[in-house]
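Data block below; observations after.
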Amino acid sequence: MKIGIFDSGLGGLGVGLRIMDALPQYDYVYLGDTLRVPYGNRSQESIYRFTQEAVDYLFERGCLLVVLACNTASAEALRTIQQEHLPAHHPGKKVLGVLIPAAELAASTGRRIGVLATASSVRSGAWPREIHRVNPEPHVFQQSAPLLVPLVENDGFKWIEPILREYMQPLLAAQVDTIVLGCTHYLYLKAMAQKISPGSKIISPEELVPDCLADYLSRHDEIRTRLTTGRSSEFLLTDVTEGYVALARRLTGREIEFCQVDICK
């Protein structure tokens with residue numbers, strides 16, 4: 001059985017490829033919901049429905065474990081999927097998110113923590129909740145950045161820096177010492193964020209998730225021993241265009257062959 005990696009679009013490729021490079025022995029399916037990206041301005045109900053459809057589809061494709069390489073989905077849908085959907089419909093299968101590893105690192109290193117995230121993630125309150133679950137002492141300042149995902153998905157990098165600087169200004173005014181890039185699309189903006197705030201520690205989830213997944217598998221033989229080790233990978237999108245293929249090449253530096261699939265029921 002395979003490991004599934006899901007994102008609202010192409011942003012999760014950075015996380016997915018890091019996982020595949022770190023744990024190359026397993027079989028993988030990457031799914032990007034490019035037909036409905038971005039998720040960050042959607043209602044909680046829509047985000048949950050889209051995420052559930054993606055998880056169900058990946059399980060149907062032979063996945064045993066799914067990683068939500070999307071902070072918005074992790075913030076808005078993960079807990080309900082884990083506590084309600086899996087026991088009722090997919091017992092024995094697992095869904096993990098990318099939010100908690102970044103929140104735990106921020107809580108252990110920062111005292112004034114800024115979180116740059118989608119509007120839905122900010123509204124969910126998941127970042128302050130998970131940070132304070134680990135350490136109640138840090139001050140947490142959230143900032144939504146709704147234009148960043150569409151710009152990344154549409155290769156609008158030449159317009160991003162002044163917009164990112166504007167979004168980060170309230171965090172800089174709050175004198176944060178740590179900034180969490182609370183969306184996997186933002187990992188491609190890490191160098192830019194560090195340039196804007198050179199004195200802050202920048203936390204990006206793609207650096208943490210592979211080790212966290214390896215640790216999880218080492219502690220859960222009932223999952224690890226059922227995973228197949230054919231070293232294969234599939235890349236699926238709900239909408240494939242020449243633009244998406246070219247953008248994936250620019251984001252990752254790799255030639256990726258995508259297949260288009262329909263996950264809507």
Should the pair [X]-[Y] be classified as a salt bridge under the 4.0 Å nitrogen-to-oxygen rule?
X	Y	result
K94	E222	no
K2	E234	yes
R49	E45	no
R79	E130	yes
D21	R18	no
E161	K195	yes
D177	K201	no

Open item on the list: Side chains of H85 and D56 only: does a donor on one sit below 3.5 Å from an acceptor on the other?
Closed with: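 The answer is yes; a qualifying pair exists.
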TODO: Consider only side-chain N and O atoms of D7 and T184, and report whether a donor and an acceptor are under 3.5 Å apart.
DONE: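 On atom types as modelled, these side chains qualify, holding a pair under 3.5 Å.
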Open item on the list: Walk me through whether E53 and Y57 qualify under side chain to side chain donor-acceptor pair (under 3.5 Å).
Closed with: CA-CA 6 Å; E53 288 174 350; Y57 182 84; over 6 Å; no
Open item on the list: Is the ring pair H220/Y216 parallel, tilted or perpendicular, if the boundaries are 30 and 60 degrees?
Closed with: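 Correct class here is parallel.
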Task: Mutual orientation of the aromatic rings belonging to F50 and Y39 [parallel < 30°, tilted 30-60°, perpendicular > 60°] - done: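 Answer is tilted, since the angle falls between 30° and 60°.
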Heavy-atom distance under 4.5 Å between the side chains of [X] and [Y], does that happen here?
X	Y	answer
V149	T72	no
Q143	Q169	no
F157	Y188	yes

Open item on the list: Please determine whether side-chain contact (heavy atoms from CB on, under 4.5 Å) holds for the pair V261 and R61, giving the CA-CA distance in whole Å, both sets of side-chain angles, and the decisive distance to 0.1 Å.
Closed with: CA-CA 11 Å; V261 296; R61 296 283 297 217; 4.1 Å; yes
TODO: For S233 and M20, work out which heavy atoms get closest and say how close.
DONE: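 For S233 and M20, the tightest heavy-atom pair comes out as CB-SD, 4.1 Å.
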Open item on the list: For Q142 versus P128, what's the shortest heavy-atom pair and its separation?
Closed with: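 Heavy atoms only, the tightest pair is NE2-CG, 3.4 Å.
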- [ ] Go through R42 and E76 one step at a time and tell me if the salt bridge (charged side-chain N to carboxylate O under 4.0 Å, His left out) criterion holds.
- [x] CA-CA 10 Å; R42 304 279 189 173; E76 292 280 14; over 6 Å; no
